[in-house]
Amino acid sequence: MTPSEKVTATVQSASTREFISLFNQTARYHHRYKVFSDFVTVSGIALHNAAAFDQALEQQYLDIVKQYEKDDVMRFTQLFAVLTMELESHPRDVLGELYMSLDISSGHLGQFFTPFSMSRMMARLQLGNNDPYAENPHGFVSVSDPACGAGGMIIAFAEALQERGHSPQQQMWAQCIDIDPIAAWMCYIQLTLLHIPAEVIIGNTLSMAFSRRMYTLAHYLGDWSTKLRRRTQAEAMRKLLQHGADQDQKVGHIITEPATSPASSVGEVNAADEVITETEAVRYTDRIAPLTQLSLIESPRATYTVTTKPTPVAA
């Protein structure tokens with residue numbers, strides 16, 4: 001054992017040491033990177049199919065398992081149990097640490113996992129002294145990591161929110177993307193076991209070419225698809241209302257007395273139009289009828305009378 005290995009061993013938890021010992025005993029007839037990547041893949045598929053069954057993933061699971069002897073398959077389950085206990089006792093980027101400790105990192109691909117202490121520092125700096133829930137009408141925040149690795153930054157941000165007294169499981173949703181399928185599965189496993197609502201995507205953030213989207217169990221249990229859809233609709237309504245208010249401010253000949261009868265259709269008004277006698281009532285809610293079902297926003301009910309240029313009559 002080298003001096004650096006001795007130092008690492010003194011700071012590793014009992015669960016981490018047990019994981020490394022079990023891993024070293026598993027499938028010595030395969031390359032270490034293959035064993036680790038296969039363990040991550042089958043563990044991720046098992047978690048995924050428990051929430052949203054996918055036959056193609058199930059077949060991939062079976063194809064991987066049949067390459068191993070029975071004892072090694074059993075050790076996969078033991079490795080997963082140890083990983084679960086370690087994440088429960090010390091939440092952090094455990095798989096990223098193990099990947100580096102096992103000396104199987106893909107240095108030729110430039111693939112290195114950020115130490116969790118650095119991720120924790122960056123998350124706290126990002127959060128700063130701000131309260132992300134102040135004046136937040138939705139009650140949750142969303143975070144995105146376009147090159148997520150094993151999800152260390154998301155875990156660190158969840159920890160920072162928890163230190164502020166917030167619940168990441170109920171008040172945070174994450175989107176994670178990585179081009180490496182193994183890294184994405186590592187992220188998916190850890191966020192699922194830590195019960196963090198998230199979407200994990202395998203694909204290239206730069207080219208926007210994605211091959212698979214996966215959702216953690218917490219995403220399904222928290223009905224986050226509905227929450228995100230409502231937020232999108234609410235923000236669209238606010239923008240539409242603001243756009244309508246901005247347009248009305250540009251019209252210089254608005255009479256603010258209530259109209260006697262609303263018009264059946266909305267005409268286009270130009271600030272350069274001359275003021276003529278013809279009038280048309282414009283109600284904001286007529287413009288945004290499809291969105292008025294939302295209970296999150298109270299639509300304005302004011303009605304305005306606007307004068308417009310009449311249509312020329314042929315001689």
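Numbers here are sequence positions counted from 1.
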Atom CE of Met85 with >12 non-hydrogen neighbours under 6.0 angstrom = yes
request  = Any chance you could lay out the side chain to side chain contact (heavy atoms under 4.5 Å, CB included) test for Leu47 and Phe80, step after step, and finish with the verdict?
outcome  = CA-CA 11 Å; Leu47 289 172; Phe80 182 78; 4.0 Å; yes
ask   = Are Ile177 and Phe157 connected, step by step, through hydrophobic side chains (Ile, Leu, Val, Met, Phe, Trp, Tyr) whose heavy atoms are closer than 4.5 Å?
value = no
inquiry  = Can you tell me if Gln126 has over 12 outside heavy atoms packed within less than 6.0 Å of its CD?
reply    = no
ask   = Parallel, tilted or perpendicular for Tyr29 and Tyr68, by the 30°/60° rule?
value = tilted
query = Do the side chains of Met172 and Phe140 join up, straight or via other hydrophobic residues, at under 4.5 Å, putting them in one cluster?
reply = no
query = Under 6.0 Å between the ring centres of Phe39 and Phe19?
reply = yes
ask   = So, does Gln67 use its side chain to make a donor-acceptor pair with the main chain of Asp63 at under 3.5 Å?
value = yes
task = Give the intermediate values and the outcome of side chain to side chain contact (heavy atoms under 4.5 Å, CB included) for residues Leu161 and Gln171.
result = CA-CA 9 Å; Leu161 288 178; Gln171 297 177 282; over 6 Å; no
ask   = Do any N or O atoms from the side chain of Ser142 and from the backbone of Ala174 form a donor-acceptor pair under 3.5 angstrom?
value = no
ask   = Just wondering, more than 12 heavy atoms not from Glu88 lying within 6.0 Å of its CD?
value = no
ask   = Counting only heavy atoms not in His31, do more than 12 fall under 6.0 Å of its NE2?
value = no
request  = Check the pair Arg212 / Ile201 against side chain to side chain contact (heavy atoms under 4.5 Å, CB included), numbers first and verdict last.
outcome  = CA-CA 6 Å; Arg212 179 173 292 279; Ile201 301 173; over 6 Å; no
inquiry  = Salt bridge or not between Arg92 and Glu159? Use side-chain N to carboxylate O under 4.0 Å.
reply    = no
request  = Taking the side chain as every heavy atom from C-beta outward, state whether Ser15 and Leu83 have any pair of such atoms under 4.5 Å apart.
outcome  = no
task = Answer yes or no: is there a donor N or O on one side and an acceptor on the other, between the side chain of Gln59 and the main chain of Gln55, under 3.5 Å?
result = no
Any side-chain heavy-atom pair of Ser13 and Glu86 under 4.5 Å = yes
query = Which heavy atom in Leu194 sits nearest to a heavy atom in Gln169, and how many Å separate them?
reply = O-NE2, 3.3 Å
inquiry  = The test is side chain to side chain contact (heavy atoms under 4.5 Å, CB included); show your working for Thr216 and Ile196 and say whether it passes.
reply    = CA-CA 7 Å; Thr216 62; Ile196 294 177; 5.8 Å; no
message = So Pro115 and Glu97, do their side chains get closer than 4.5 Å, heavy atoms only?
response = no
inquiry  = Under 4.5 Å between side-chain heavy atoms, counting indirect links through other Ile/Leu/Val/Met/Phe/Trp/Tyr residues: same cluster for Leu57 and Leu217 or not?
reply    = no
task = Flag yes if more than 12 heavy atoms outside Glu163 fall under 6.0 Å of its CD atom; otherwise flag no.
result = yes
ask   = Where do Cys176 and Leu191 come nearest, in terms of heavy atoms and distance?
value = SG-CD1, 3.7 Å
Geometric class of the Tyr215/Tyr220 ring pair [parallel <30°, tilted 30-60°, perpendicular >60°] = perpendicular
query = So, Asp178 side chain and Ala184 main chain: donor-acceptor pair closer than 3.5 Å or not?
reply = no
ask   = According to the interplanar angle, ranging from 0 to 90°, do the rings of His48 and Trp185 count as parallel (below 30°), tilted (30 to 60°) or perpendicular (above 60°)?
value = perpendicular
inquiry  = With heavy-atom distances below 4.5 Å as the criterion, would you say the side chains of Lys227 and Trp173 are in contact?
reply    = no
query = Measuring from Leu22:CG to Met74:CE, what's the distance to the nearest 0.5 Å?
reply = 11.5 Å
key: Met186 to Phe36 - nearest heavy-atom pair and separation   = SD-CE2, 4.0 Å
key: Expected output: side-chain Asp93 to main-chain Phe116 donor-acceptor under 3.5 Å   = no
query = Should Phe76 and Val35 count as side-chain neighbours, where that means a heavy-atom distance under 4.5 Å?
reply = yes
inquiry  = Just so I know, are the side chains of Thr232 and Met237 near enough to count as touching, which here means a heavy-atom distance under 4.5 Å?
reply    = no
remark   = Shortest non-hydrogen pair, Asn204 vs Ile179, comes out as ND2-CD1, 3.7 Å
query = Looking at Gln190 and Ala150, what are the two nearest heavy atoms and their distance?
reply = NE2-O, 2.8 Å
inquiry  = Contact between Arg230 and His138 at the side-chain level, heavy atoms closer than 4.5 Å - yes or no?
reply    = no
ask   = Which atom names give the shortest non-hydrogen contact between Ile189 and Ser43, and what distance separates them?
value = CD1-CB, 3.8 Å
task = Using modelled atom types only, decide if a donor and an acceptor are shared between the side chain of Thr26 and the backbone of Asp72 within a distance under 3.5 Å.
result = no
ask   = In the single-linkage hydrophobic clustering (I, L, V, M, F, W, Y; side-chain heavy atoms under 4.5 Å), do Tyr188 and Trp224 co-cluster?
value = no
inquiry  = Under 4.0 Å between a side-chain nitrogen and a carboxylate oxygen: does that hold for Arg229 and Asp223?
reply    = no
inquiry  = Would the distance check show the side chain of Ser211 and the main-chain N or O of Ile202 forming a donor-acceptor pair, the cut-off being under 3.5 Å?
reply    = yes
request  = Flag the pair Met214 / Glu199 as yes when at least one side-chain heavy-atom distance between them is below 4.5 Å, and no otherwise.
outcome  = no
Cluster overlap Leu102 with Val40, hydrophobic side-chain contacts below 4.5 Å = yes
